[in-house]
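Quick note: residue numbers are just sequence positions, from 1. All values below come from the heavy atoms of this structure, side chains included, with hydrogens, waters and symmetry mates left out.
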Amino acid sequence: MSVTKMKAVTIAGQIDEFDFVVEKYVYGRDIHLENAMSVLTNHNRLQGFDDSNEYDSVEKSALSVLKLANCKINKKLTAPESMTYQEMNGAIDAVNAYIENEQKQDSKFSDKIKANELLIDKMNLMLSLDLDLSRLRSLEFIRCKFGHIPKTGYKTLVTYLDGLEAFFVKTAEDATDVWGFYFAPLLKERKVEEVFSSLYFEETDIDSGYSGTPYEIKQKLLKENQELRGKIAENSEKTAKMLSSHTNEINGIYNLAGKRRQFAQIRRNAARGDMFFYVVGWMDEKRADALEKEIADSGDVVMFYSEDAENVRNMEPPTKLKNNPIFKPFEMFVKMYGLPSYNELDPTGILAVTYILFFGIMFGDVGQSFILAAAGFIIYKLKKIDLAGIVGFVGISGVIFGFIYGSFFGNEEIIPELFGTSPIRPMEQAIMMLGATIAVGVVIIIFGMTVNIINAVKSRNIGEALFGHNGAAGLVFYISMLLMTANIFLKWGIPTMLFVIFAVVSVLVMYMSGPLSDLTAGKKYWWPKSGMYFVENFFELFEVILSFFTNTISFLRIGAFAIVHVGMMMVVAILTPEGAGIGSVLVQVIGNSVVMILEGLIVGIQVLRLEYYEMFARYFTGRGKEFVSLADNKVN
């Protein structure tokens with residue numbers, strides 16, 4: 001439950017050996033860089049390096065080409081060190097120019113294919129016409145138009161045709177429209193057009209530029225599209241071969257550009273004097289000690305200095321989480337809230353254990369939880385998605401509590417009969433369930449305040465540890481109120497006034513926590529100057545005292561959701577038809593699926609709410625600075 005122990009390190013060498021020292025002792029190392037100019041004290045004698053990071057764009061361009069070629073990055077390949085920025089860009093630009101030209105051609109071919117497909121759709125509507133369409137375009141005294149008319153309009157049209165001196169050739173029809181040609185003398189064109197328009201005839205252009213019957217034109221278009229697709233495939237094959245022949249070169253450029261980008265990053269963070277340069281950063285204790293030994297044994301003129309994080313005053317140590325494989329996926333939830341400060345306990349382990357426990361209590365069902373666990377672990381194995389890993393672990397917890405509740409896909413008879421157990425029935429033993437979860441909440445709150453006291457002591461914040469509402473004073477008040485309540489109901493016979501005295505004293509201490517903290521810290525003017533402090537603090541203290549009660553009651557949701565789960569499965573059972581028919585199976589599958597998805601999502605959110613508001617709020621600040629390793633600093 002602690003973060004990785006860090007050391008502040010300083011590496012110094014002669015300015016003319018900067019590249020040599022950085023490549024040998026800094027580049028690719030698991031080190032978090034700090035800005036040396038803002039850390040080192042003799043600013044007047046130091047200055048920064050003037051260096052731009054022009055290789056960032058080269059690295060991104062090379063990476064995009066490698067992704068396009070579906071090529072995995074090979075770190076062993078590297079371009080010659082003599083290769084310049086212009087040469088790198090030139091090599092990448094040549095590949096990109098070829099790809100761009102191929103894409104332009106393919107785009108032109110694709111547009112032609114789409115246009116042909118639209119024309120093929122039109123030809124399909126007139127396949128019954130065995131006539132060369134080019135002849136229709138050459139008519140001198142007859143106007144011919146193709147289109148569609150609603151079926152209701154077509155029925156009306158039939159009665160008008162004899163008097164219009166026009167005729168309509170039907171070629172196709174669908175559920176709503178009739179398609180075809182109408183022919184009319186040029187002298188009657190205006191009148192005929194008005195009649196057809198009044199019947200909602202819509203013209204469709206068929207001037208394709210092709211000659212032949214609709215069927216012949218369709219075959220020509222299909223053949224043309226086949227040839228165009230062949231050209232696209234041929235272009236893709238040529239591009240693939242070109243990319244394959246250049247992948248090693250581009251891979252080498254990518255690695256060299258990444259190396260020079262990191263060098264530029266190191267330069268920007270380094271400081272220089274008249275003769276020496278300085279690189280400052282953080283390393284974990286083991287790697288820092290190993291690097292110190294490596295430099296000492298090398299005989300190189302390089303200075304290495306390290307200091308434990310606890311002794312560093314002018315730099316905030318970064319946080320590097322260190323958890324076992326079970327807790328590792330739960331780091332996602334911690335980072336959503338914030339990273340622990342270096343001197344804080346890492347809450348990942350606490351969150352993992354309580355999240356798994358709470359979810360299992362609220363979602364106890366052997367069958368449903370087994371499906372969650374299996375799906376979660378399979379996805380986590382294949383995709384390494386942290387959320388899937390979390391689902392897998394909480395699924396196991398649900399299976400365990402499913403056996404405790406005797407629930408298998410909502411059925412509470414199968415498991416007791418198979419194993420001869422007497423399970424806990426959340427619905428029948430609701431008072432016990434709710435009381436037990438309140439007791440769990442009490443333990444969690446006390447534990448959270450204890451962790452907060454430890455964190456405060458580690459951070460040398462004695463005032464918070466002793467006088468804060470989540471410190472010793474708050475802990476005494478909470479335990480006093482719990483014991484007083486138990487004494488009244490259980491009739492222990494202890495004088496109630498004893499608990500009242502402890503509670504009142506702890507409230508007064510919390511009320512004056514600010515001035516008392518300043519006094520403990522040795523501040524000269526520790527007493528508040530403004531009377532408003534006492535008024536504001538009164539209302540804040542009232543809210544704090546109320547929060548002890550509300551936070552405790554909030555844990556009722558754990559038992560409540562265990563009862564709700566049983567209730568939802570009872571609804572599924574009621575809706576299931578009697579017998580073993582397909583209807584019963586279908587209702588059970590759908591019902592269990594809905595409960596798994598809906599309640600699983602709600603329970604997951606509710607447990608996370610408990611973690612953030614009832615637990616993290618008591619002992620976790622989340623103000624840490626993330627450890628950004630130079631070794632992992634890759635281009636996106």
N/O donor-acceptor pairs under 3.5 Å from side chains in residues 360-375, not counting sequence neighbours:
from : atom 1 : to   : atom 2 : distance (Å)
D365 : OD1    : G367 : N      : 3.1
D365 : OD1    : Q368 : N      : 3.0
D365 : OD1    : F409 : N      : 2.9
D365 : OD2    : S407 : OG     : 2.7
D365 : OD2    : F409 : N      : 3.2
D365 : OD2    : G410 : N      : 2.9
Q368 : NE2    : N592 : OD1    : 2.7
S369 : OG     : F363 : O      : 3.2
S369 : OG     : D365 : O      : 2.8

Under 3.5 Å, is there a donor-acceptor pair between the side chain of [X] and the main chain of [Y]?
X	Y	result
S459	A456	no
T576	V572	yes
H469	V544	no
T550	S547	yes
Q262	L630	yes
T450	I446	yes
Y355	G604	yes
S513	G468	no
S584	P577	yes
T319	P340	yes

Are side-chain heavy atoms of [X] and [Y] found at a separation under 4.5 Å?
X	Y	result
Y405	M433	yes
K322	D346	no
K7	R287	no
L243	I99	yes
F358	I444	yes
I31	S629	no
V500	M497	yes
L339	K625	no

Closest approach of [X] and [Y], non-hydrogen atoms and distance?
X	Y	value
G389	F377	O-CE2, 4.3 Å
A352	F327	CB-CD2, 3.4 Å
L321	K335	CD1-CE, 4.0 Å
E344	G622	OE1-N, 3.8 Å
P423	Q429	O-OE1, 4.3 Å
M6	D284	SD-N, 3.8 Å

Listing, residues 470-494 side-chain donor-acceptor contacts under 3.5 Å, not counting sequence neighbours, or none:
from : atom 1 : to   : atom 2 : distance (Å)
N470 : OD1    : R618 : NH1    : 2.6
Y478 : OH     : T552 : OG1    : 2.8
S480 : OG     : V476 : O      : 2.6
T485 : OG1    : M481 : O      : 2.8
N487 : OD1    : G493 : N      : 3.3
N487 : OD1    : I494 : N      : 3.2
N487 : ND2    : I494 : O      : 2.7

Just wondering, are more than 12 heavy atoms of other shown residues or ligands nearer than 6.0 Å to [atom1] in [X]?
X	atom1	result
K151	NZ	yes
N324	CG	yes
F548	CZ	yes
L118	CG	yes
M570	CE	no

- Task: Can you spot which of Y613, Y337, F333 makes a ring pair (Phe, Tyr, Trp, His ring centres under 6.0 Å) with F620?
- Result: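 Per the ring pair (Phe, Tyr, Trp, His ring centres under 6.0 Å) rule, the option paired with F620 is Y337, out of Y613, Y337, F333.
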
- Query: Does the side-chain contact (heavy atoms from CB on, under 4.5 Å) test come out yes or no for L357 and F401, once each step is laid out?
  - Reply: CA-CA 9 Å; L357 175 66; F401 279 94; 3.7 Å; yes

Do [X] and [Y] get their side chains close enough for a donor-acceptor pair, meaning under 3.5 Å?
X	Y	value
N343	N455	no
E331	T348	no
N251	N74	no
E173	W179	no

- Message: Applying side-chain contact (heavy atoms from CB on, under 4.5 Å) to D289 and M283, what does each step give before you reach the verdict?
- Response: CA-CA 9 Å; D289 292 343; M283 300 182 76; over 6 Å; no

Short N-O contact, [X] and [Y], less than 4.0 angstrom:
X	Y	result
R623	E316	no
D30	K320	yes
E310	K5	yes

Would you give the length of the straight line joining atom [atom1] of [X] to atom [atom2] of [Y], rounded to the nearest 0.5 angstrom?
X	Y	atom1	atom2	answer
I563	R425	CD1	CZ	14.0 Å
F408	M569	CZ	CE	11.0 Å
L345	N452	CG	CG	10.0 Å
I545	M510	CD1	CE	5.5 Å
N116	I120	CG	CD1	6.0 Å
N411	E417	CG	CD	8.0 Å

- Query: K458 and E464: salt bridge (Lys or Arg N to Asp or Glu O under 4.0 Å), yes or no, with the steps?
  - Reply: CA-CA 11 Å; K458 289 183 66 177; E464 170 62 24; over 6 Å; no

- Start with the C-alpha distance between I558 and V607, add both sets of side-chain angles, then the distance that settles side-chain contact (heavy atoms from CB on, under 4.5 Å), and finish with yes or no. CA-CA 8 Å; I558 300 175; V607 176; over 6 Å; no

- Carefully, step by step, assess E614 and I445 under the rule side-chain contact (heavy atoms from CB on, under 4.5 Å). CA-CA 8 Å; E614 270 60 66; I445 290 173; 5.8 Å; no

- Pairs in or reaching into residues 379-394: which pass side chain to side chain donor-acceptor pair (under 3.5 Å), with residues at least two apart or in two chains? none

